[in-house]
**Student:** 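Structure in structure tokens, see below.
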Amino acid sequence: MKKGFAVLLAASTAAFAIPAIAQEDSGFSGPWVAGVAGYDMNNAGSSQDDGVNVDLDQNAEGLVYGIGAGYDMDLGSVVVGGEVELTDSTADSDYTDPYTNFGLGAVNTGRDIYVGARVGFKATPSTLVYAKGGYTNARFNFIGTDGTTNYDQNLDTDGWRVGAGVEQKLGRNAFAKVEYRYSNYSRGEIDFEANNVADSDRFNIDTDRHQVMVGAGWRF
């Protein structure tokens, strides 16, 4: 009797333990952090493109890198979540004429802050295909002039971002992803480094940004 009870207890424990172990792998649910890096190209938008002077360099290209974090909810075949990201970039332009303005002239691309959401579907239990979108605030550092003095200035810009990608689970917690995203910046403000020069009023701009990114992260 005691042996039979022990066998029954062991079987019952195993029956409850197996689902519990399976539930530890929560799919794509929970908070996560990731490092990201990739190719960054910034250029004048369609309303600013100079189609006459073909020698004018209107691109700022380089490497973008940074860190992101977010939280996802796995709803079965669909995953929804929010994310934030902070990146910097080595992208710069070769054109050095301060009278042109990208229009922006000689440009070094700076930090970028992104806040957005994403939604995806599971192509397989461990593969997520997703689309994303949200708000982005990017800084461009450039040289301007009043005809006599050159000024190092920051252009802070507001815009929107859309993108798509694929995320692959690598075990229970680790994952890797690749994505493409497009950003457009339509409003800007010039921050002068000189203390005695006031920041400009906000004005309209048209700047495009294309990025191809890879990332690796950990889901908690």
Side-chain angles (χ1 to χ4, degrees), residues 33-50 56-70 82-116 132-146 149-163 165 177-217:
V33 295
V36 295
Y39 169 72
D40 187 24
M41 184 181 76
N42 305 264
N43 62 300
S46 58
S47 66
Q48 300 295 322
D49 184 45
D50 185 350
L56 176 62
D57 180 9
Q58 298 183 92
N59 295 329
E61 302 177 63
L63 173 69
V64 58
Y65 54 92
I67 187 169
E83 59 182 340
V84 296
E85 187 179 274
L86 175 63
T87 59
D88 203 346
S89 177
T90 66
D92 60 8
S93 67
D94 296 328
Y95 201 77
T96 58
D97 185 350
Y99 288 96
T100 62
N101 62 353
F102 198 42
L104 290 182
V107 177
N108 295 314
T109 304
R111 64 105 181 104
D112 178 78
I113 300 169
Y114 169 76
V115 180
K132 62 186 293 179
Y135 165 78
T136 171
N137 178 279
R139 173 169 292 171
F140 298 93
N141 312 306
F142 69 104
I143 298 174
T145 183
D146 60 6
T149 305
N150 289 342
Y151 298 94
D152 289 333
Q153 303 158 78
N154 295 325
L155 174 63
D156 291 334
T157 64
D158 296 308
W160 51 269
R161 174 174 296 165
V162 293
K177 63 180 179 178
V178 58
E179 68 178 43
Y180 163 79
R181 61 255 198 121
Y182 164 78
S183 305
N184 178 267
Y185 302 97
S186 58
R187 297 284 288 173
E189 174 188 272
I190 296 178
D191 297 328
F192 294 93
E193 291 190 354
N195 294 329
N196 60 342
V197 180
D199 294 345
S200 76
D201 293 331
R202 290 171 58 78
F203 52 89
N204 294 330
I205 62 172
D206 184 10
T207 300
D208 291 336
R209 191 172 201 171
H210 302 271
Q211 296 174 321
V212 179
M213 308 290 291
V214 295

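For this chain, numbers begin at 1 and follow the sequence in order.
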**Student:** Atom CD in Glu85, atom CZ in Arg181: separation rounded to 0.5 Å?
**Tutor:**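 So the CD of Glu85 and the CZ of Arg181 are separated by 4.0 Å.
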**Student:** Rounded to the nearest 0.5 Å, what separates atom CG in Asp156 from atom CZ in Arg111?
**Tutor:**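 Those atoms lie 5.0 Å apart.
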**Student:** Without swapping roles, check the side chain of Tyr114 against the backbone of Gly133 for a donor-acceptor pair under 3.5 Å.
**Tutor:**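 Judged by distance alone, yes, a pair lies under 3.5 Å.
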**Student:** Rounded to the nearest 0.5 Å, what separates atom OG1 in Thr87 from atom OH in Tyr65?
**Tutor:**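 Separation between the atoms: 9.0 Å.
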**Student:** Can you tell me if Asn137 uses its side chain to pair, donor with acceptor, with the backbone of Asp158 under 3.5 Å?
**Tutor:**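 No, Asn137 side chain to Asp158 backbone: no donor-acceptor pair under 3.5 Å.
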**Student:** Looking only at heavy atoms, what is the nearest atom pair of Ile67 and Val36, with distance?
**Tutor:**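 Closest approach of Ile67 to Val36, heavy atoms only: N-CG2, 4.2 Å.
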**Student:** Looking at every non-hydrogen atom in both residues, tell me the closest pair between Ala60 and Ala91 and how far apart they are.
**Tutor:**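 Smallest interatomic distance, heavy atoms only, reads O-CB, 3.5 Å.
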**Student:** As an exercise, state the distance from CD1 of Ile205 to OG of Ser186, rounded to the nearest 0.5 Å.
**Tutor:**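 It is 7.0 Å, given to the nearest 0.5 Å.
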**Student:** Measuring from atom OG1 of Thr90 to atom CG of Leu63, what distance do you get when rounded to the nearest 0.5 angstrom?
**Tutor:**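 If we round to the nearest 0.5 Å, Thr90:OG1 and Leu63:CG are 5.0 Å apart.
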**Student:** Kindly assign one of parallel, tilted or perpendicular to the pair Tyr182 and His210, based on the angle between their ring planes and the thresholds 30° and 60°.
**Tutor:**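 Tilted.
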**Student:** Roughly how far, to the nearest 0.5 Å, is the CG atom of Asp112 from the CZ atom of Phe140?
**Tutor:**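 One finds 8.0 Å between CZ of Phe140 and CG of Asp112.
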**Student:** I want to check something: taking the side chain as every heavy atom from C-beta on, are Glu189 and Leu155 in contact at a cut-off of under 4.5 Å?
**Tutor:**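 They are not in contact (no side-chain heavy atoms under 4.5 Å apart), so the answer is no.
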**Student:** What's the verdict on side-chain hydrogen bond (donor to acceptor under 3.5 Å, both in side chains) for Thr207 and Asn42, showing C-alpha distance, side-chain angles and the deciding distance?
**Tutor:** CA-CA 7 Å; Thr207 300; Asn42 305 264; over 6 Å; no
**Student:** Just by distance, with hydrogens left out, do Arg209 and Asn184 show a side-chain donor and acceptor under 3.5 Å apart?
**Tutor:**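 Looking only at side-chain atoms, Asn184 and Arg209 do not form any donor-acceptor pair under 3.5 Å.
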